[in-house]
Every structure is written in C-alpha cells, then in structure tokens.
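Step one of this worksheet: look at the structure below.
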Amino acid sequence: MVMRLKTRLLRGYILLAALTSVVAFIGLYFMRDIDHQMDALSQRATPAVTALNQIKSAAHEMCSSTYSLSLTASSIEPNANGERTLVERSDRIELARDDMNQWLAQYALVADPTLKKTFLTEAKAYEMRIAHLGKSIINDILKGSDQKRLLQHRAEFDENRDEFFSLINRSIAIEMRRVRTHEKAADERIAMALIAAIAMIIVVFVAATILSLQISSTLIRQLRHLRAGVDNLGPGNFSQVIIVPDAPELNTVAESINQLAVRMGNAEHANKMQYDQLHGEIGKRKQTEAQLLHEATHDALTGLANRVQLIQDIESCLERAHRNPDFKYALLFLDLDRFKVINDSLGHNVGDELLVESSQRLIDSVRGMDTVIRVHKETTARLGGDEFAILLDGIKNPGRAILIAERIQERLSKTFHLSGNDIVLSTSIGIAIGDSTYQTASDLIRDADTAMYRAKQAGGAQHAVFDDVMHAEVKLRLQLENDLRKAVEAHQFEVAYQPIVELSTGMVTAFEALIRWNHPERGKISPTEFIPIAEETGLIAPIGRWVLQESTRQLMAWRRELPDDRPLSMSVNVSPRQVGEANIVQEVRRTLKATGLDPRWLRLEITESMIMENAASIHEVLSGLKDIGVELHMDDFGTGYSSLSYLHKFPLDVLKIDREFVTNIGTDPEYAAVVKAIMTLAHSLRMKVTAEGIETPEQLALVRSLGCNYGQGYIFSRPLDPANAWKLLSNDEPLRQSA
Ligand code: C2E
Ligand code: MG
Ligand code: MG
C-alpha cells in the first residue's frame, strides 16, 4: 500500500517537474529567439550606421580635399604645356568618392529598401553635385574666373555639402532610431517572455500544489475512514467490515485488517467461552471453598461454630483486652448432665435431636439477653459431644455472665419433646471471666472447663465461676505437668504389682502392674492423679511403653524361677491415648520379642469407656492384639455405660467388674443384681470375670457365689513392690485373706 501511495506521489512530482521543464524550455526558447533576432538586427543595423559614418567621413574627405584644392589652386605651377594643374589632388577626391560609393553600396545592402532608395538617390545626387561643384570651384580658381562666380559656386558647394551631411546625419538618426525601436521591441518581448514564463511557473506551481493538496486530502480522508473503522473494532465488535471507498491501495490494508478482525473475533469468542467456563469453575470452587470453610469452622450437626471459630473469636477478645485493660469478656462452658445416658438409652438419633434443640435454645438465650451485653457478637460453639461454650464478647462485670448462665440453665431445664420422648435435662456451666491477663485462647477454655468440671463434681445442674482456688489447682496441675515431663527422663517411676487370685483355688495366677510415681518433693503420687495428665500431654506414650517393658521383664524374671507349668500372667493397663495414637500392636509385639515372653502370659487391660467411645475404630486394634496371642481384659466394666449387645463384637477374654459395684454389692441389692446379670452375660459370651476392689470377706463371698472367676483387692493384697510380690509368689500356696 505504501508503495502505491509513493508511486502516486512520485507520478504527481514527475508531472510537476515535466510541466516546469516545458515552461522553462518554452521560456528559454523565446529568449533565445529574441536574442537571435537582436543579433540579426544589430548585424543589419550596425553596417548601415558604420557605412553612413564612413560615407560621412569620405564625404568630409572629399569636401576637405575640394576645399584644400580650391585653397591651394592659386599656387599651382603650370605644367610642361604651360597649363596649371593639380592632378594628384583630384585623385584624392576620386579616391574619396570611390570610398563613398563603396560605402553607399554597402549601405544599400543593409538599409531599409524604401529609405535606401531615397537615400541612395539623394546621396548620389549630392555626391555628384559636390564633386561637380568642387571641380567647378577648382576650375574657377585655375581658370581665374570672376570672384562672383567663384563665391556662388562655393556657396552652392557649401550648401550641398551641408545638405549632404544633414542627409547622412538624418539617415544615421533614422537607422539609430530603427535600431532603438527594435531594441525596445526586443526588450518588451523579453519582458513579456519572462512574465509569461513566471506566470506559467506560478500556474504550474499552483496547479501542482492544488493537485498534491487534493491528493493528500483524499489520502487523509481515506486514512481517517480506515482509522475510524479500526477504532470501531474492539471487544465485542470484531464482525464489522472496513471498506475505504475509491481507495484500492487502502482497501488491501482494510482487507488485511478485516481478516485480522475476523481472527480476533474468533479468538475473542474462544476466550469468552474459556472465560465463562473458568468463571463457572471459579464460582464452583469458591462455593466449595466457602462450604469447606464453613465446615472447617462449623459443627455439622447443629450448624454452630466449632472450636476453630471459637478460638479465633477468643483470640480477637484477647487482643482487645490487651489493647484496653478495661475490656472484659467471658467464656461459658456447658455440659449437659447425663447426656450419655440419654444417648445410650434412647439412641444416637434422639441424642442428636437433643443437641440440635439445645443449641437452638442456647442461641435463643444469648439473643434475648440484656442489650448492655453485646449479644450479636457472642459466639456459641459446640465443643464436643454434649459440651457447649458461649463466648460473651464484652461484658460489664462478671455478674452479667452469671446472669446469662442462669438464664441458659433455666431454658435448658424446660422439657424437650423429641421423637415421642419427654426429656428433662440439667446443665453444668463453668464460667471463666476473661481479662488482659489471659495470653492464649486455650488458657481461657481450660479455665472454663475446670470451672465446669467443678460444677459437675458438685453434683451438676449448677454453674461455677473459675476462681482463685481453681486457679491454684490449675497452677498445681501445670506444675505437675512440668514435673511429669522431667520424671520420664529422671526415671522417677516404678511398678507395683497387685496379685490377682483365682477364686476357685485361691492361687495367685496374675499380677496387675500399677505404676507409681516417686515425686522428689511430693512423695508417691497416685496414677489416678497423673495418668490423666500424661494422657492429655501425650506423655502417656513413653510412660506406657516403659510400664509394658518393665512389667514383662519382671514377669519373665519371675517365670524363670518358677516351674514352666505354673500359670502366672501380667495385667498391664493400656490407656485410651496409647490405643488411639501409638501403634500398640507393633509395640506389644516388639516388647514380647525383646523379653522372650510367651504372649499368653500377657493381659492388656483396656477400659470399658475407651472401647465403647471408639467402638468403630478400636475393633481393628483389638483384633491385631488378639492375633498376637495376648489376652484382652475390659477394665472398669460397668462404669462406661456399655451397650451390652455390642460386647460380643469385641474379641475380649475377661470383664473386670469395677470396684464401685464390688464395694456396693453387699449393701445395695441393685448392684448385686447388676453383677449377676454381668456374670450371666459374660459366661454366655464365654468370657471370664474378675472382680476388683474386694476388701471384705462378705464381698469376696458374694462375688464368689455369683460365679466370678478371679478376684483382686486389699483382701488379698495391696499392690506390692517386686521383692514382696516375689515373696508372696514363692510361697506357692493359696493366698490367705488378709482382711
Ligand atoms: P485400675 O486399672 O482399675 O487399677 C485398680 C486400682 O484399684 C488400683 O489403683 C489399685 O490400687 C486399686 N485397688 C485395688 N484393690 C483395691 C481395693 O480393694 N480397694 C481400693 N480402694 N482400691 C483398690 P491405683 O494403683 O491407684 O491405680 C488407679 C488407676 O490408675 C488404675 O485403675 C488404672 O486405671 C490407672 N493406672 C495405674 N497404673 C497404670 C499404668 O501403668 N498405665 C495406665 N494406663 N493406667 C494405670
Ligand atoms: Mg486395671
Ligand atoms: Mg479397674
């Protein structure tokens, strides 16, 4: 396209140059012609004037000769004949006449024909007259004519001579005038030619300018048209076709642009489709993310916020309290009393309904509160199965938190109508008042939990505010936690062995390994105090591993001293956390391998609550342990609200009836009935039963009469150190009742 435009412009310039050249050529031609004419004129005029001048000088010569002849005639000497003569002088006159004739002839060649004729005739006549008169004068003088005639001839001579000269002068003037007229005409023609040339150049220049302006304006208009077309192209408008009228060169460009626009339109369409697809996917992903976020921060059953959300909200309260020490907040920790009983007796569905309804009542409680409290900012969160927490985000004083707790208790105490069941609940609430002294959310939750635990310990259906006493307890517990960490490394533990007796023979057939902690300052600390802490902190893993290794090593040592057929087993308590986290199956296998103990002499005691709360997941672990060949005993049976129908699903060997039943067996016939039922069930499932905590002969007699297989309790022996345990064992006699 650019090439074509260039060609057009070039064409215009060539045309312009050609026109200018033609004009210049014409101008030059005219100038040259005038020049030639001038040359010719001067060539013709100059000889005429020259000839006239020469005629004039020849005439002067002739006249002066005549005069000088006439003047000198008087002194002329007579020749041989006696005649006076002046021959040489007349030759000069003739000579001057010849010259004059010659010039006249030349003049005749170049002069104007009309003028020439007149002039030549007149000049000839004058010349002849002058010559004749000159000769007459000389003759007059020579012949001595009278003075009068001489003077007349002389006057005629002078007159003719003067007329002749004036004729020549006139002719010269005429010729000169004619030359000047020619020159003037030539000048005018040159000026005309110049004006014409300049005018032509101007015309050509103007024409060329108009032409180029016209070309460029057309070009600009077409380019603008093209540009407007290109400007119109854009997102959503690539289908427009650009056509530039009367511009084939630009139309090739427009065509390329149109093709490009078609391609861009296609790409745009494809992009839009991709964008829509992507947008859809992003939308879906955002939805999923929002859902995941909601699930991550909310409880699936009740839709309430969960622990993650609660911690975030508490942390924002902590921040505010740190910025403003006057800012107070509170965490209410709720537990539905005896929820587990309802759940177990009426089923999980009813239990779930109860939780949903309770959470609704909680939400309603905080919404209906005093406006001084920032109800809308409060967070209700379900923490565990039957636990709730309410964060009061900003309270004026602790009394407000108590008031809210009371209202909640009142609302939750109203009868629930669920799936045809009327349920009445009570609630235990722990309250922790938050201030700037708290550093972490878990501290606040721990304190509210402690207070709630205290409310529960006090019989439930009440609230307790976390106070200084509890704070001291918590501090003590924290101290214990730290000490426990060190105790593992400092080997402050030992194992006590309590004999388990076969009731039919009275022989010791096993020992239960019970851990003891020799605290450097506090002396012996009961496992009931530190095992829960060890479980919470995860320290139970190394502690439990040590007990297992130590007790199996001890049993192996004793067994080496005893006859091979002497039955003697070791019962080792396994904590829920050990079963849940550590690979207990591998650990037991490794320990047995290390000590060389036959698996059948090892019994693992797992609490009933542990088994029942993790019924689904524990089955695999129990089967794994059973495959090793160890015995599995269900500890503290009767406290975990076992669904008795589930029992047969677990590979258990022995049920260990909890001490609470044995203690009450003699005094409360209901307990005796329960123990009896347990015995019947266990035996029907081919399980054996151990009664623990037998202290009195009556209790022993009762459990024996009910068919218990084994017994354990102070009546036989307290837990013993290894030496005393060995002493007792080495007697190899039925154990005497110590009580
Ligand atoms: P447990 O497994 O039910 O152990 C029986 C508890 O009852 C022992 O308390 C024992 O000393 C006590 N006991 C036995 N006979 C009588 C009796 O006639 N009267 C009374 N009042 N008590 C009796 P201990 O040793 O304080 O252990 C308490 C609990 O600590 C154990 O209950 C067990 O759950 C846990 N525990 C002890 N050692 C370990 C251990 O090595 N690992 C784990 N995970 N838990 C352990
Ligand atoms: Mg036990
Ligand atoms: Mg027990």
Side-chain angles (χ1 to χ4, degrees), residues 338-351 385 500 502-504 509-510 512 569 571-580 584-585 588 599-600 602-665 668-694 702-712:
R338 288 181 2 95
F339 172 76
K340 197 153 184 65
V341 179
I342 295 161
N343 204 36
D344 288 347
S345 56
L346 299 176
H348 288 291
N349 287 345
V350 176
I500 296 168
E502 193 173 29
L503 292 180
S504 58
T509 55
E512 178 170 10
S569 301
S571 279
V572 180
N573 292 287
V574 178
S575 94
R577 181 91 182 246
Q578 270 176 286
V579 179
I584 186 80
V585 180
V588 169
R600 68 188 165 123
L602 181 63
R603 302 163 171 183
L604 298 176
E605 290 191 9
I606 302 160
T607 60
E608 183 199 14
S609 53
M610 165 69 201
I611 292 174
M612 286 305 150
E613 278 165 21
N614 306 283
S617 58
I618 197 107
H619 199 275
E620 200 186 321
V621 181
L622 296 183
S623 302
L625 290 170
K626 199 77 199 102
D627 288 346
I628 298 174
V630 299
E631 280 191 13
L632 297 177
H633 292 207
M634 191 188 249
D635 203 356
D636 303 342
F637 189 74
T639 57
Y641 306 105
S642 274
S643 175
L644 298 179
S645 57
Y646 278 4
L647 263 184
H648 72 280
K649 292 188 177 168
F650 302 109
L652 298 166
D653 300 288
V654 175
L655 295 182
K656 222 175 158 182
I657 299 172
D658 191 69
R659 186 153 56 89
E660 193 189 340
F661 291 88
V662 178
T663 308
N664 297 311
I665 201 169
D668 190 339
E670 269 186 31
Y671 277 94
V674 172
V675 172
K676 200 171 177 195
I678 292 171
M679 301 303 302
T680 313
L681 178 76
H683 289 150
S684 73
L685 293 171
R686 292 202 190 90
M687 288 189 221
K688 291 187 173 170
V689 178
T690 303
E692 66 177 356
I694 309 168
L702 268 167
V703 295
R704 200 176 254 155
S705 70
L706 288 168
C708 275
N709 307 83
Y710 307 103
Q712 180 186 355

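Note that the coordinates shown come from a computational prediction; the quantities given were computed from them, not determined experimentally.
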*Does any N or O in the side chain of E512 come within less than 3.5 Å of the main-chain N or O of I500, such that one atom is a donor and the other an acceptor?*
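Side chain of E512 to backbone of I500, a donor-acceptor pair under 3.5 Å: no, none is there.
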Roughly how far, to the nearest 0.5 Å, is [atom2] of [Y] from [atom1] of [X]?
{"X": "S569", "Y": "H633", "atom1": "OG", "atom2": "NE2", "value": "7.5 Å"}
{"X": "I606", "Y": "L652", "atom1": "CD1", "atom2": "CG", "value": "7.5 Å"}
{"X": "D668", "Y": "T663", "atom1": "CG", "atom2": "OG1", "value": "11.5 Å"}
{"X": "D636", "Y": "E660", "atom1": "CG", "atom2": "CD", "value": "10.0 Å"}
{"X": "I678", "Y": "M687", "atom1": "CD1", "atom2": "CE", "value": "11.5 Å"}
{"X": "E631", "Y": "E605", "atom1": "CD", "atom2": "CD", "value": "11.0 Å"}

Ignoring hydrogens, what is the shortest heavy-atom contact between [X] and [Y]? Give both atom names and the distance.
{"X": "I694", "Y": "G711", "result": "CD1-CA, 3.6 Å"}
{"X": "C708", "Y": "L503", "result": "O-CD1, 3.4 Å"}
{"X": "M634", "Y": "L647", "result": "CE-CD2, 3.8 Å"}
{"X": "V662", "Y": "A691", "result": "CG2-CB, 4.0 Å"}
{"X": "L706", "Y": "K676", "result": "CD2-CG, 3.7 Å"}
{"X": "P651", "Y": "L632", "result": "O-CD1, 3.5 Å"}

*Residues forming a side-chain contact (heavy atoms from CB on, under 4.5 Å) with T509, sequence neighbours excluded*: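 With sequence neighbours excluded, T509 shows a side-chain contact (heavy atoms from CB on, under 4.5 Å) to E502, R603, Y710, given in chain and number order.
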*Those residues that, when tested against N709, pass side-chain contact (heavy atoms from CB on, under 4.5 Å) (two or more places apart)*: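 Partners of N709 by the side-chain contact (heavy atoms from CB on, under 4.5 Å) criterion, ordered by chain and then number, come out as H683, K688, V689.
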Can you name the residues that form a side chain to side chain donor-acceptor pair (under 3.5 Å) with [X], not counting sequence neighbours?
{"X": "E670", "value": "none"}
{"X": "D635", "value": "none"}
{"X": "T690", "value": "none"}
{"X": "N343", "value": "H348"}

*Name all residues meeting the salt bridge (charged side-chain N to carboxylate O under 4.0 Å, His left out) criterion together with R338; count only those two or more places apart in sequence or in a different chain, and write none if there are none.*
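Listed in chain order: nothing, the list is empty.
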_If the condition is salt bridge (charged side-chain N to carboxylate O under 4.0 Å, His left out), which residues does K626 pass it with, not counting sequence neighbours?_
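For K626, the residues satisfying salt bridge (charged side-chain N to carboxylate O under 4.0 Å, His left out) (neighbours in sequence not counted) are D653.
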*Can you list the residues that meet the ring-ring contact (aromatic ring centres under 6.0 Å, His included) rule with F339, with sequence neighbours excluded?*
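Partners of F339 under the ring-ring contact (aromatic ring centres under 6.0 Å, His included) test: none.
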*Could I get the full list of ring-ring contact (aromatic ring centres under 6.0 Å, His included) partners for H619, not counting sequence neighbours?*
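ring-ring contact (aromatic ring centres under 6.0 Å, His included) check on H619 returns F650.
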